[in-house]
Each structure stands twice: as C-alpha cells, then as structure tokens.
Amino acid sequence: MTEQVKDENKLIAERRGKLDNIRENCPANGHPNDFNREHYAADIQAEHGEKTKEELEELQVTYAIAGRIMAKRGPFFVLQDMSGRIQSYAEKTVQKDIKARWGLLDIGDIIGVKGILHKSGKGDLYVNMEEYSLLTKSLRPLPEKFHGLSDQEMKYRQRYVDLIINEKTRDTFQIRSQIVSGIRNFLTERGFMEVETPMLQVIPGGATAKPFETFHNALDIDMFLRIAPELYLKRLVVGGFEKVFEINRNFRNEGLSTRHNPEFTMIEFYQAYADYKDLMNLTEDMLRTLAVNVMGNSVIRNTVKNAEGEVTEEKFYDFGQPFERISMMDAVIKHAPHLDADVIKDPEGRFEELRAIAKQVGVKEPEGKNVWGAGKYLCEIFEEVAEHMLDQPTFITEYPWEVSPLARRNDNNAFITDRFEFFVGGRELANGFSELNDAEDQAARFQQQVAEKDAGDDEAMHFDQDYITALEYGLPPTAGEGIGIDRLVMLFTDSPTIKDVILFPHMRPQAD
RNA sequence: CGGCCGUUAGCUCAGCUGGUAGAGCAGUUGGCUUUUAACCAAUUUGUCGAAGGUUCAAAUCCUUCACGGCCGACCA
C-alpha cells in the first residue's frame, strides 16, 4: 500500500473519486464484463473507409466496438483496439448522460460502443454512440498525446504504457511475432520438426559463455540455465529426428548492451545429410522469404538518427540479391588491403608476423598463460578490421578450427572448419557449420577445452561424456545453424537497441 | 566493470554566470457541438532523483549515492 501512495497525485485521486461513485451507482462494481465486442477498428476502416458519406447513410450498418479512449475532440472519442483506431460520436444528450453516470469519461478509460457507422464531414468514420458502457475506469493518466512516452527507462519498465501510446512499439512486436511464425512455417514446410530441449542443464554446453547457476533441491545438484540447446538437438539427430529445430531462450551471465540481453532468443536447426553450404542456401532462401512476407520488400531499410531523432543516414540491405560468400582470410585482405596478404594466407607458417599484425590492428592479447594459436589470432584480426565492414548480407566461411570446437574440420585444409557466420550491417546474425560427428575428435576437443578451463578460462566448455556417448552411437553427417532472433528483429524493425525488440528487457530494479 | 551525459508538474520540455518554480498537453469549471495535436475563457498541480556540503540565499556550485542513456570491456 505504501508503494501505491508514493506516486499518488491529484490526477489519480480525482479518478479514484470518480471510480468510487461508479462502484456505488453502476452494476458489476464498475467493472462490467457483459459487453459483446463484435468488430475491430481496422476491419471497419478497411471495409468502409473508402465509401462516401452518402453511401454509408444508405447502408445504416451497426457496429459494436470496444477500446481505450485515446483522445477527446469535442463530441468525438478516439477509440483504440488491438487492430487500430476509430472514432465514436456522442451527441449532446449522450454527453449529458455520460457525465451524469460516470462523471465524464477520461482519456485512458476503456469503453464499449454500439451504433450506426457514419462518416464525418472531414472524411473520418465514426460509430454513433447509441449504446455505450464504461467497461474499465483508468485510474492513471496517460502520457501526453502528441509526444507520447519518450522516456526510454519508462518505455522499458512500463512496457504496457509504451504499447498503449506508441504505435511504433506495437508494430515492432507484431513484426517480431511474424518473424518467429514465419521461420516456424518455413522450416515445418520443409520437413523440420519443432522440439523442446532442457533449459535447465547439468552441463551447460554448445557455446562458450558464462552460465547462470541455480540449484535443484530434490536432486541436490547444481544446475545451469542453458547457454545453447545445441548438444541436445544433435542428440535428437542421433536418435533419428533428422530435421529438428527449436526456437527458445538462451541465458548468458554477461553484460548488457545495445546488442545483449542476459536472456535472448535463438533458433537452432539441424539437418542430417546436409552440409554447411546447404545451410547457407537455406538461410538465404529463408531470410529472403521473411523479408518479402513480413516486410513486403526484399530490401530492408535502416536509419541512423542524431540526438534530435532526425534521420542522418539511410541504409538499405538487399536480401533479394545473392548473398556474398567470402572466406575469413579473403575478408581480412579485402577490407584491410594494407596488411600483408601473404601472412594472412599462411597464419601458421608466419605466426610471429601474424601476431605482429594483430597487435598493429589493436587486438588485445590475453594476460597470463592462456596462449592463442594462429586461428585465434586470425579470427581476432578479422573481427577488428573486417566484421564491422560487412554491410550487405554476407557469409564469412572457413573459420579456423581453433575457434570452432563443435564444427567439422575441412577435408582439404585442417586449419579450417566447414563453418560460416552470417553478417548484415556489421552485425553477426547467424552461425552455422557442418557438425563434428567424429566421436573421438570431439572427445579430444572437449579435452582441450577442459585444459583451457583449468588454465583459467571460465567460458571454456565442460566435458560432456553423455554427448560423446551419443556421438559414439553415430551422428549422421549433419549441418546445424543458430540465428539470433532478437538481432534479426532489430534489423527488420530498424531498432537501434535490443531492448526495443524485447518486451520486458532486464534492468536494475528501481530503488525505493 | 571503466569514460562521458542525463534525472525539474501525470507526460513533453524551458529555467543563463546562485536571488520567491515556468510553458504546452492532461486535469477542473464554464462555453461551443462534425472534431482531426479540436477550439474559446477561467483555473489547479512540484520532496527540482536522494543525502550531505559551500552560501545571507542552491533546481543552479561541490561531494557521495541511486537509476537511466551512449561509448568501451565480455559476448550472440
């Protein structure tokens, strides 16, 4: 109760006073639940928006709508429902009746209206208020109607207010929903099966990251929130589910930023008897399909805004064209032509020179005994000089073995794996590879990760004996991929931060 | 975790080198009654993020803290 009193103010007190009267004088304690909403604003607009005033008068169609009052203009109320907005009209006797019953309607109140649809002189549709009911009294005033809610902290902490007020926010999360269901449809149409694997894991695997730790009382064991579903999905491929996918949350106990939330949504999918090139083709097809189906265009527009919110730069990402495919080495050479290409091409043979280049471009080496090999240096150099330059949709291939502990080694070059990552606008969106299905090789690589963990790298992988056992039963040749859903939604919705595409992003709780 | 910036009415924001706290919207009262950020008249609203300090005097200067934003670090 004390918490309520804290931000109580005159405006809220006035509305509470109105509600007190309503409770006494209206049925259902002021919260009726018998209004039968039959129509949506957007449907009415779509069906009749083009008709003339006279055509509508002839029709005399009755509609029953409900929604939140977003604005009052003279005798008009602007109602907003989940589909959109439409006006309702209260003639003078109705206004008097409303005032007598409920002490005027406030912006934010939720009402039901039934009546004949008309068109105003200015060309807007409205439903005449023949029957009307206050369904829910809103006790708190909404943000200002023109500027809306722009305080970012409040947008995230009170997303419900943001959603009431800001159409852009509603659009973003509708697009997010469409992207997820679009991916789901795309894969199920191609014979993939959706599965759910453990979020609580005893051995957190499938990625290198710090996990959240928890404890299971009945089993009396430590457990971890998963950092990736990968090893479980591949167990299912061993079991014979040859095409599987999972769309769900991963949890990583790491910092927050414009691109990171401690829990984030990934799709991972695995296909037996396919390789990483098949997945690049699939990815290209899927993203192109999504762009067209969800955004209505294979070209995605992004903007850069200044502090005043004015657009200073426009970017267009073309998913209609074939995506560029280039190896990590070639990408470094292409985007940093001043570096010695011969060294980049022979990272192991000219290791010391590679290290010098790394230092030159600003790679920070780890302290202590944790020694990097040529593959790690190459990858770091790539991230430093090339990654942010990958503007249009681009696959980077030929990731070094050293940074790919779960990927299959390339047949012709043991230094690299059959792996790609996918970039748009300088951001990594996806990571896929032909899976390592050699049980003995996998066991050896786990051993190396364990050694790195013992050396102090707390993000190195655990040894997962059961996963090795599964591989020993036989994983068919398989390719798998993960796509960061949040970042994909950021791209499609032109959102500068991941908090804009997560309904309830994590924040530090407010102090009392 | 580090650097920079921010926090003033329910919301969006002014408030200069210290001198009685402001506007628009929302609200209230009345008018108008086919409006489009409706309009006209009158009017109400504050722990200036918190706590200390300097000063005759602090929204304003200083210190600490809280929360947020941006940029780094870690990563997807």
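Defined by atom type and a distance below 3.5 Å, a donor-acceptor pair is missing between the side-chain atoms of A/Thr265 and A/Arg487. Side-chain polar atoms of A/Arg226 and A/Thr197 form a donor-acceptor pair below 3.5 angstrom. Between A/His506 and A/Tyr156, the side chains place no donor N or O within less than 3.5 Å of an acceptor N or O (distance only, hydrogens not considered). Residues A/Asp97 and A/Tyr132 have side chains that bring a donor and an acceptor to within less than 3.5 angstrom of each other.
Residue contacts shown for A/Asn253 are absent, as no nucleic acid heavy atom lies under 4.0 Å away. Residue A/Lys122 is in base contact, counting any heavy-atom pair closer than 4.0 Å across all strands shown. Across all strands, A/Gly148 comes closer than 4.0 Å only to sugar-phosphate atoms, never to a base (heavy-atom distances). Nucleic acid contact class of A/Lys499 (heavy atoms, under 4.0 Å, all strands): sugar-phosphate only. A/Gly121 comes within 4.0 angstrom of a base, heavy atoms only. Base contact: A/Gln95 has a heavy atom under 4.0 Å from a base atom. Residue A/Asp151 is classed as a sugar-phosphate contact, given heavy-atom separations below 4.0 Å to backbone atoms only.
Across B/G72, B/U33, B/U29, the shortest atom-to-atom separation from the side chain of A/Leu104 is found for B/U29. Here the side chain of A/Met507 is nearest to one of B/G68, B/U12, B/U44, namely B/G68. Which of B/A37, B/U36, B/G27 sits closest to the side chain of A/Glu144 comes down to B/A37. Set against B/G69, B/U36, B/A76, the side chain of A/Gln87 has B/U36 as its closest nucleotide.
Remark: B/U7 base-pairs with B/A66. Criterion, Watson-Crick or G-U wobble with two distances under 3.5 Å. Of the nucleotides present, B/G53 is the one that pairs with B/C61 by Watson-Crick or G-U wobble criteria, both distances under 3.5 Å. Of the nucleotides present, B/G31 is the one that pairs with B/C39 by Watson-Crick or G-U wobble criteria, both distances under 3.5 Å. Pairing partner, B/A23: B/U12, with both Watson-Crick or wobble hydrogen-bond distances short of 3.5 Å. For B/U47, there is no paired base (Watson-Crick or G-U wobble, both distances below 3.5 Å).
The side chain of A/Lys210 places no N or O atom within less than 4.0 Å of a non-bridging phosphate oxygen (OP1 or OP2) of B/C74. Dashed line: the shortest gap from a side-chain N or O of A/Lys18 to OP1 or OP2 of B/U28 is under 4.0 Å. Under 4.0 angstrom from either OP1 or OP2 of B/C13 there lies at least one side-chain N or O belonging to A/Ser150. Listed pair A/Arg508 / B/C67 meets the phosphate criterion, a side-chain N or O lying under 4.0 Å from OP1 or OP2. Within the structure, a side-chain polar atom (N or O) of A/Lys99 is placed less than 4.0 Å from OP1 or OP2 of B/G30. Residue A/Arg73 places at least one side-chain N or O under 4.0 Å from the OP1 or OP2 atom of B/A38. Phosphate proximity of B/G68 to A/Arg157: present, with a side-chain N or O under 4.0 Å from OP1 or OP2. Phosphate contact (OP1/OP2 of B/A38, side-chain N/O of A/Lys145, threshold under 4.0 Å): present.
Across the interface with RNA chain B, nearest-nucleotide mapping of A/Ser120 and A/Asn431 shows A/Ser120 to be the residue nearer the 5′ end. Mapping A/Val78 and A/Leu149 onto RNA chain B via the closest heavy atom, the residue that lands nearer the 5' end is A/Leu149.
The structure places CD of A/Gln45 at 10.0 Å from CD of A/Glu50, a figure rounded to the nearest 0.5 Å.
Straight-line distance from the CD1 atom of A/Ile107 to the C1' atom of B/U35: 13 Å, rounded to whole Å. Rounded to whole Å, atom P of B/U35 lies 16 Å from atom CZ of A/Phe77. The NE2 atom of A/His147 sits 17 Å away from the P atom of B/A23 (whole-angstrom rounding).
The side-chain ring of A/Phe76 is not stacked on the base of B/A38, judged by centre separation under 5.5 angstrom and plane angle under 30 degrees.
Ion pairing between a basic and an acidic side chain is recognised when a charged N comes within 4.0 Å of a carboxylate O; A/Asp391 and A/Lys315 show such pairing. A salt bridge links A/Arg325 and A/Glu284; the closest N-O separation between the charged side-chain nitrogens and carboxylate oxygens is under 4.0 Å.
Counting distance only, with no hydrogens placed and no angle test, the side-chain atoms of A/Glu153 and the base atoms of B/U7 include no donor-acceptor pair under 3.5 Å. Judged by atom type and distance alone, A/Tyr126 reaches the base of B/U34 through a side-chain donor-acceptor pair under 3.5 Å.
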